[in-house]
J.: 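Attaching a single structure in structure tokens format; questions to follow.
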Amino acid sequence: MSETWQKRTKLVHGGTRRSQYNEVSEAIFLTQGFVYDSAEAAEARFIKAGADEFIYARYGNPTVAMFEDRIAALEGAEDAFATASGMAAVSGALTSLLRAGDHVVSARALFGSCLYVLEEILTRFGVEVTFVDGTDLEQWRAAIRPGTKAVFFETISNPTLDVVDIRSVAELAHAAGALVLVDNVFATPVFSRAIEQGADVVIYSATKHIDGQGRTLGGVILGTRDFIRGTVEPYMKHTGGSMSPFTAWVMLKGLETIDLRVRAQTASAQAIAEALHGDARLARVIYPGLSSHPQHDLVRAQMGEGGTVLALDLKGGQEAAFRFLNALEIVVISNNLGDAKSIVTHPATTTHQRLPAAQKAALGITPGLVRLSVGLEDCGDLIRDIQNALEAAF
Ligand SMILES: *Cc1c(COP(=O)(O)O)cnc(C)c1O
């Protein structure tokens with residue numbers, strides 16, 4: 001692979017490893033182990049495996065390595081470690097780095113399982129976690145202290161699409177010697193420039209846009225070679241959260257089309273947000289690509305585009321929201337996002353059901369809020385489906 005290749009070329013050819021058959025489409029090396037030519041060769045590989053030498057699929061595998069190299073090339077990271085799910089990536093990145101007595105500052109608006117890892121699991125092992133409003137730089141400044149080991153945030157929060165200023169938070173964190181870890185799912189690898197903007201570690205649930213067709217769970221941790229091979233790999237390979245070769249193959253093929261898919265989905269999301277903006281039945285249309293988004297300038301500077309997800313707040317509360325969901329004919333009710341199929345979610349009663357009412361209110365998760373992940377269907381059909389369902393809801 002050449003460093004001069006543009007992203008679209010890297011997405012198709014990056015990381016390719018061909019077998020002796022010179023196959024065009026990447027092979028699935030569905031093998032747990034690898035045969036050594038001799039006892040001496042086995043011993044040598046356990047002492048130090050070469051760059052393209054494998055020992056056991058929990059440690060690494062050629063298909064998984066192809067996926068890691070391709071996503072690292074896209075993100076502009078030195079290296080990557082692929083994991084069994086997005087949560088294996090989030091928990092693996094944090095747990096491999098932290099130890100008892102460390103201090104972490106995290107944004108409060110997090111995916112439910114991320115919140116569980118930070119609030120319940122890390123604290124159980126003696127890590128101190130301070131939560132802040134991720135959009136408020138003063139709160140970050142007040143919470144980060146000399147010796148803070150890491151900061152963590154979702155660059156765009158779920159489901160209310162608040163955008164955290166990577167560059168500014170990274171400046172505060174780096175001044176204190178803290179590492180910046182970001183969950184970048186909503187920004188997508190297509191629009192991300194997180195590393196150049198100051199993130200040290202970028203994490204994706206590959207389940208979302210990287211697969212993009214709702215088939216398999218996966219995740220990936222990206223960072224410096226030192227962090228990935230020195231910190232993450234020893235932890236992941238001994239605790240068992242590695243990606244399977246079959247999953248890696250699905251994700252590898254997903255990367256070939258991700259740029260086209262995400263740009264098409266984003267164009268539709270922008271058109272839907274513009275069509276609905278100002279509709280009297282909606283209290284809010286939240287979309288980072290709308291100029292009415294409170295952080296629109298930051299969105300432009302940080303990502304350029306608004307992404308594939310929007311949120312609508314129906315004035316009639318939960319009853320109107322449920323009538324809206326039930327009247328949709330093309331958009332399906334589910335809780336994944338980034339899929340080729342458009343998906344609608346009612347966060348208050350599903351993904352964020354567990355949160356106490358006060359916390360939901362504080363996070364802007366109102367009874368009328370619905371999250372819409374825009375897929376690859378015809379955009380006109382989607383707008384008609386949404387308009388018809390709004391008619392039915394009121
Ligand atoms: C989905 C998601 C995760 C978890 O990913 P899984 O692949 O489901 O484990 C973590 N963070 C964000 C922001 C997500 O959307």
Side-chain angles (χ1 to χ4, degrees), residues 64 67 71 75 80-95 106-122 134-135 151-164 166 181-192 194 199 201-222 236 239-244 246-248 250-251 254-255 258 262 265 269 286 288 303 307-311 334-339 341 343-345 347 350-355 363 365 371-375:
V64 178
F67 169 66
I71 182 80
E75 191 69 33
F81 195 91
T83 59
S85 68
M87 285 320 303
V90 171
S91 63
L94 289 166
T95 316
S106 170
R108 194 177 289 115
L110 294 178
F111 181 74
S113 302
C114 295
L115 188 63
Y116 185 82
V117 168
L118 282 143
E119 206 171 29
E120 304 283 334
I121 300 180
L122 291 181
T135 63
V151 305
F152 179 80
F153 54 94
E154 290 171 16
T155 53
I156 302 183
S157 74
N158 173 30
T160 50
L161 311 175
D162 291 329
V163 183
V164 178
I166 300 174
L181 292 84
V182 301
D183 178 334
N184 213 22
V185 165
F186 279 63
T188 82
V190 171
F191 299 129
S192 171
V201 180
V202 181
I203 301 163
Y204 290 104
S205 162
T207 313
K208 312 295 165 57
H209 304 85
I210 295 174
D211 176 336
Q213 291 167 72
R215 298 161 293 194
T216 65
L217 289 174
V220 65
I221 307 167
L222 299 122
M236 294 305 304
T239 55
S242 306
M243 181 179 273
S244 93
F246 179 77
T247 297
V250 172
M251 299 306 181
L255 284 179
I258 192 172
V262 166
Q265 288 168 252
I286 311 173
M303 304 166 56
T308 64
V309 180
L310 55 139
S334 189
N335 36 261
N336 192 17
L337 62 95
D339 199 283
K341 294 181 174 63
I343 293 174
V344 70
T345 311
T350 59
T351 52
H352 293 70
Q353 188 189 100
R354 224 169 41 87
L355 295 185
L363 292 174
I365 303 169
R371 186 188 77 190
L372 181 67
S373 167
V374 179

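Whatever order the structure lists ligands and atoms in, that order sets their numbers, starting from 1. All heavy atoms count here, side chains included; hydrogens, waters and symmetry mates do not.
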J.: So which atom in T207 and which in G218 form the shortest heavy-atom distance, rounded to 0.1 Å?
T.: OG1-N, 3.1 Å

J.: Examine distances only and state if a side-chain atom of S373 and a backbone atom of V309 form a donor-acceptor pair shorter than 3.5 Å.
T.: no

J.: Among all the protein's non-hydrogen atoms, which is closest to atom 2 (C) of ligand 1, and how far away is it?
T.: K208 NZ, 2.4 Å

J.: Decide whether an N or O pair under 3.5 Å exists between G86 and ligand 1.
T.: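 Yes, there is a polar N/O contact under 3.5 Å.
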
J.: I need the atoms of ligand 1 closer than 4.0 Å to a non-hydrogen atom of S85, numbered in the order shown.
T.: 7 (O), 9 (O)

J.: So, S157 side chain and L110 main chain: donor-acceptor pair closer than 3.5 Å or not?
T.: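 Not confirmed, S157 side chain does not pair with L110 backbone.
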
J.: Would a distance-only check, ignoring hydrogens and angles, find a side-chain to backbone donor-acceptor pair under 3.5 Å from D339 to G214?
T.: yes

J.: Please list the nearest protein heavy atom to atom 11 (N) of ligand 1 with its residue and the distance rounded to 0.1 Å.
T.: D183 OD2, 2.6 Å

J.: Applying a strict 4.0 Å limit to heavy atoms, is N158 in contact with ligand 1?
T.: no

J.: Decide whether N184 and S192 meet the rule of one side-chain donor and one side-chain acceptor closer than 3.5 Å.
T.: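 There is such a pair between these side chains.
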
J.: Give, for atom CZ of F191 and atom OG1 of T155, the distance between the pair rounded to the nearest 0.5 Å.
T.: 12.5 Å

J.: What I want to know is whether M87 and ligand 1 share at least one N or O pair that is separated by under 3.5 angstrom.
T.: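 Min N/O separation from ligand 1 is below 3.5 Å for M87.
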
J.: What I want to know is whether E154 and ligand 1 share at least one N or O pair that is separated by under 3.5 angstrom.
T.: no

J.: A88 near ligand 1, heavy-atom distance under 4.0 Å?
T.: no

J.: Relative to the heavy atoms of T207, which atoms of ligand 1 are at a distance of less than 4.0 Å?
T.: 6 (P), 7 (O)

J.: Go through it in stages, so that I can follow the logic: the residues are V182 and E154, the test is side-chain contact (heavy atoms from CB on, under 4.5 Å), and I'd like the CA-CA distance, side-chain angles, deciding distance and then a yes or no.
T.: CA-CA 6 Å; V182 301; E154 290 171 16; over 6 Å; no

J.: What is the nearest protein non-hydrogen atom to atom 4 (C) of ligand 1, stated with its residue, atom name and distance?
T.: F111 CE2, 3.5 Å

J.: In terms of side-chain heavy atoms, does N335 have a donor or acceptor partner in T345 at a distance below 3.5 Å?
T.: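 Their side chains do not contain a donor-acceptor pair, so the 3.5 Å distance test is not met.
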
J.: Enumerate the atoms of ligand 1 whose separation from the nearest heavy atom of G218 is less than 4.0 angstrom.
T.: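 Those qualifying, in numeric order: 7 (O).
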
